[in-house]
Engineer: 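Structure in structure tokens, see below.
First listed ligand is number 1; within each ligand, the first listed atom is number 1. Basis for what follows: all heavy atoms, side chains included, without hydrogens, waters or symmetry-related copies.
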Amino acid sequence: MSDTTHPITAAPGAKRIDPHEVGTGVTRRDFLVIATGAFAAVGVAGTLWPFIDQMNPDAAALALASTEVDVSSIEPGQSIIAVWQGKPVAVRYRTEEEMKAAQQVPLDELKDPNARNANLDSNAPATDENRTRPGKEEWLVMVQVCTHLGCVPLGQQGDFGGWFCPCHGSQYDTAGRIRRGPAPENMAIPPYTFTNDTTLRIG
Ligand code: FES
């Protein structure tokens with residue numbers, strides 16, 4: 001596989017978000033942006049952030065402390081991007097192939113062995129199962145913010161079929177675990193629950 005690591009300079013105008021700002025407050029439902037397929041998701045990422053940036057920061061951050069998502073129209077291989085606490089959260093209905101690929105990765109090959117899952121013990125290992133919730137392993141719900149310097153990676157790209165960060169070339173697998181490049185950690189799994197079969201509450 002080719003090494004696509006880029007020099008440590010951010011792309012002009014690249015959006016950066018503090019990857020550690022992952023809170024747990026619950027207030028009210030807000031909006032979400034639905035996209036189908038990788039290309040649509042990329043397009044949303046490109047148009048969404050200017051809109052968010054125009055919002056009053058206090059009002060926007062508080063309004064998005066909790067986000068409820070109807071996942072009933074998402075099919076295997078499709079993603080949406082929800083907004084939670086001002087951050088993009090990928091909600092991906094993974095295919096069998098994507099899950100198998102992530103499950104087959106030996107843990108000692110992972111750069112970050114920690115699940116980074118706010119729903120689990122902080123020492124939980126980064127198995128594919130631990131990146132999801134029990135009984136809902138097909139759903140990957142993940143803060144789509146690169147753990148290097150906070151750019152927003154592109155979905156379903158790169159050598160591992162997961163996410164590729166265009167800022168400095170970090171590559172994540174189909175469980176959102178860092179596999180190559182300068183990012184130090186797996187992308188964060190936020191607190192979330194399925195309140196019924198088709199409703200996901202983030203936060
Ligand atoms: Fe540097 Fe993503 S922000 S690789």
Engineer: Round to 10° and report the angle made at atom 2 (Fe) of ligand 1 by SG of Cys146 and SG of Cys165.
Structural biologist: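 SG of Cys146, atom 2 (Fe) of ligand 1 and SG of Cys165 span an angle of about 110°.
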
Engineer: Using a 4.0 Å cut-off to any heavy atom of Ser170, which atoms of ligand 1 qualify?
Structural biologist: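 Taking each heavy atom of Ser170 in turn, ligand 1 has 4 (S) under 4.0 Å.
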
Engineer: By atom name, which N, O or S atom of His168 is the nearest to atom 1 (Fe) of ligand 1?
Structural biologist: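 Going through the N, O and S atoms of His168 one by one, ND1 ends up nearest to atom 1 (Fe) of ligand 1.
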
Engineer: So, Asp112 and Asn114: side-chain donor and acceptor under 3.5 Å apart, yes or no?
Structural biologist: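 Asp112 vs Asn114: no donor-acceptor pair found between side chains.
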
Engineer: Is any N, O or S atom of Cys151 under 2.8 Å away from atom 2 (Fe) of ligand 1?
Structural biologist: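 So Cys151 does not count as coordinating atom 2 (Fe) of ligand 1.
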
Engineer: Evaluate the ring planes of Trp139 and Phe194, with Trp represented by its six-membered ring, and classify them as parallel (under 30°), tilted (30 to 60°) or perpendicular (over 60°).
Structural biologist: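 Taking Phe194 first and then Trp139, their aromatic rings sit tilted (interplane angle of 30° to 60°).
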
Engineer: Quick one: list whatever passes side chain to side chain donor-acceptor pair (under 3.5 Å) with Thr199, sequence neighbours left out.
Structural biologist: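 So Thr199 forms a side chain to side chain donor-acceptor pair (under 3.5 Å) with Asn196.
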
Engineer: Distance-only check: which donor-acceptor pairs under 3.5 Å involve side-chain atoms of residues 99-107, not counting sequence neighbours?
Structural biologist:
none

Engineer: Considering all heavy atoms of both residues, which atom of Leu200 and which atom of Val141 are nearest to each other, and what is their separation?
Structural biologist: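 Minimum heavy-atom contact is CD2-CG2, 3.9 Å.
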
Engineer: Nearest N/O/S atom of His148 with respect to atom 1 (Fe) of ligand 1, by atom name, please.
Structural biologist: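 The atom in question is ND1.
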
